[in-house]
Amino acid sequence: MKLDLNDIRGRFPILERTVGDKPLVYLDNTATSQTPREVVEAVVNMYEHYKANVHRGVHTVSQEATDMQEHTRRRVRDYINASSVEEVIFTRGTTEAINLVASSFGDRFRDGDEIILTVMEHHANIVPWQLLQRHKDIKLRVVDINERGELDLEQYKSLFNERTVLATFTHVSNVLGTVNPVKEMIRIAHEHGVTALVDGAQASPHLPIDVRDLDCDFYVFSSHKMYGPTGVGVLYGKKELLESMPPYQGGGEMIKHVSFNGTTFADLPFKFEAGTPDFVDIAAFAKALDFIEEVGLDNIREHEEELLRYTTEKIAEIPGVKIYGTAPHKSAVLSFNVGDAHNYDVGFLLDKLGVAVRTGHHCAQPLMERLGVPGTVRASFAVYNTKEEADIFISSLKRIIPMVL
């Protein structure tokens, strides 16, 4: 199917703006994607007509708001092929979802236990486990990569032992774009009786996610990278695991009964959703899922892969440019540096030409140390980007290179 890019782009008002006197070329989609008009309208509609606290009122508006939030939960269940809505926990984002698992599931870890993770992890899948080390004498064991940016699966296999309690890894690297063989990695973990958590923040906007086919124990992702509102994330967990875990936070919504003699907790999924949720943005997230399914994930992936392939070939021809991450199976991320130029300078000058890219360590400093650089320039694509925008990016980069070298 050939995408109607004019129709798609027309649904994203920000793409009509300029930066200085240049049309905006937005290539920072790995950090956050833009939001289609129907999602924005859903947020406004909630505030104007349905703003009442959910699950707490017998009045009509509260019940309507509750229905809209729970509709999104069902949409998420279907999007990732979870077994039930009880396995879908709303959080503030991928980061909070991982912290929830680290705090609650990590409560059962014992001194001497070990966690396997990879050198390409985002800080959100490193720091929560380091915080757990304040209370538990646990060890983090790290899987390395090869020169193409692929994980060393033989090393991964060798790290398992009788003290391993968790293997946690990103589905897609936010720096290298590498799509990891997570199904195989989960299978290996389960062969050793080890729980597996997948950080799907960079996969969920680009790849079909089937948690039952993957057989992951936990899977986490964010709305704002999927054309949806900010401040909404999802923790998927197998029901039996979630039922065995203590609450992450205490307060309203997550209780059955409270007295000064003790508290009993609500059933799933509400046991992990203390306090008033962001029911406005949760409701609007359903519209983002509608958008993705309307366009089609296969169409999105094919379009983004074509843009990535075209841009990578053109950038690779530019003298002095080094690309990081050359795995054959990549998502829509292109990280590079220009000679000895600082990545910030390259990004700053590209911005003056209307091209928005990300610079720095991308919340992946251990990976940057492995690559031997302080940071990179990162261009990342979404369904609304065009070949013409790629050409503007390429010509702009050629134009600014003499200024930074």
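Because the structure is predicted, anything quoted here is derived from the model rather than measured.
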Greater than 12 external heavy atoms within 6.0 Å of Gln249's CD: yes

Just wondering, more than 12 heavy atoms not from Asp7 lying within 6.0 Å of its CG? yes

Do [X] side-chain atoms and [Y] backbone N/O form a donor-acceptor pair below 3.5 Å?
| X | Y | result |
| --- | --- | --- |
| Lys225 | Thr30 | yes |
| His303 | Asn385 | yes |
| Asn174 | Gln202 | no |
| Glu304 | Ser331 | no |
| Tyr344 | Gly375 | no |
| Ser222 | Gly93 | no |
| Gln69 | Val54 | no |

Take Leu349 and Asp351 through the side-chain contact (heavy atoms from CB on, under 4.5 Å) test and state the conclusion after the steps. CA-CA 5 Å; Leu349 290 173; Asp351 178 64; over 6 Å; no

Going through the checks in order, is the side-chain contact (heavy atoms from CB on, under 4.5 Å) test met by Arg163 and Ile138? CA-CA 9 Å; Arg163 298 314 304 265; Ile138 58 174; over 6 Å; no

Is it true that Thr170 and His122 share a donor-acceptor pair across their side chains at a distance under 3.5 Å? no

Measure across [X] and [Y] and return the closest heavy-atom pair with its distance rounded to 0.1 Å.
| X | Y | result |
| --- | --- | --- |
| Cys216 | Val198 | CB-CG2, 4.1 Å |
| Met226 | Ser204 | SD-OG, 3.4 Å |
| Thr359 | Gly347 | CG2-CA, 3.6 Å |

Within the structure provided, determine whether [X] and [Y] are in side-chain contact (heavy-atom separation under 4.5 Å).
| X | Y | answer |
| --- | --- | --- |
| Asn343 | Asn337 | yes |
| Leu176 | Leu371 | yes |
| Arg301 | Leu207 | yes |
| Asp28 | Arg378 | yes |
| Leu334 | Ile323 | yes |
| Gln133 | Leu140 | yes |

Here the salt bridge (Lys or Arg N to Asp or Glu O under 4.0 Å) pairs for residues 238-251, sequence neighbours left out, are Glu86-Lys239, Asp215-Lys238, Asp217-Lys238

Rounded distance [0.5 Å steps], [atom1] in [X] versus [atom2] in [Y]:
| X | Y | atom1 | atom2 | result |
| --- | --- | --- | --- | --- |
| Lys271 | Met245 | NZ | CE | 7.5 Å |
| Lys287 | Ile292 | NZ | CD1 | 14.0 Å |
| Arg187 | Leu214 | CZ | CG | 13.5 Å |
| Leu289 | His71 | CG | NE2 | 8.5 Å |
| Asn99 | Ser104 | CG | OG | 12.0 Å |
| Thr118 | Asp152 | OG1 | CG | 11.5 Å |

Out of Tyr227, Tyr384, Phe285, which residue meets the ring pair (Phe, Tyr, Trp, His ring centres under 6.0 Å) rule with Phe291? Tyr227

Using a strict 4.0 Å threshold on nitrogen-to-oxygen distance, state whether [X] and [Y] make a salt bridge.
| X | Y | value |
| --- | --- | --- |
| Arg9 | Glu389 | yes |
| Arg370 | Glu147 | yes |
| Arg75 | Asp78 | no |
| Arg73 | Glu70 | yes |
| Lys314 | Asp391 | no |

Under 6.0 Å from the six-membered ring centre of Phe160 and within 45° of its axis: does the NZ or CZ of Lys157 meet both? no

So Ile392 and Val355, side-chain contact (heavy atoms from CB on, under 4.5 Å) or not? Walk me through it. CA-CA 8 Å; Ile392 292 171; Val355 180; 4.2 Å; yes

Should Phe12 and Tyr26 be marked as a ring-ring contact (aromatic ring centres under 6.0 Å, His included) after you check the CA-CA gap, both sets of side-chain angles, and the distance that decides it? CA-CA 11 Å; Phe12 291 83; Tyr26 185 81; over 10 Å; no

Assess whether side-chain contact (heavy atoms from CB on, under 4.5 Å) is satisfied between Ile400 and Val346, documenting all intermediate values. CA-CA 7 Å; Ile400 64 103; Val346 175; 3.9 Å; yes

Salt bridge (Lys or Arg N to Asp or Glu O under 4.0 Å) with Glu121: which residues, sequence neighbours excluded? none

Residue set satisfying side-chain contact (heavy atoms from CB on, under 4.5 Å) with Lys139, at least two apart, ordered chain then number -> Glu114, Arg141

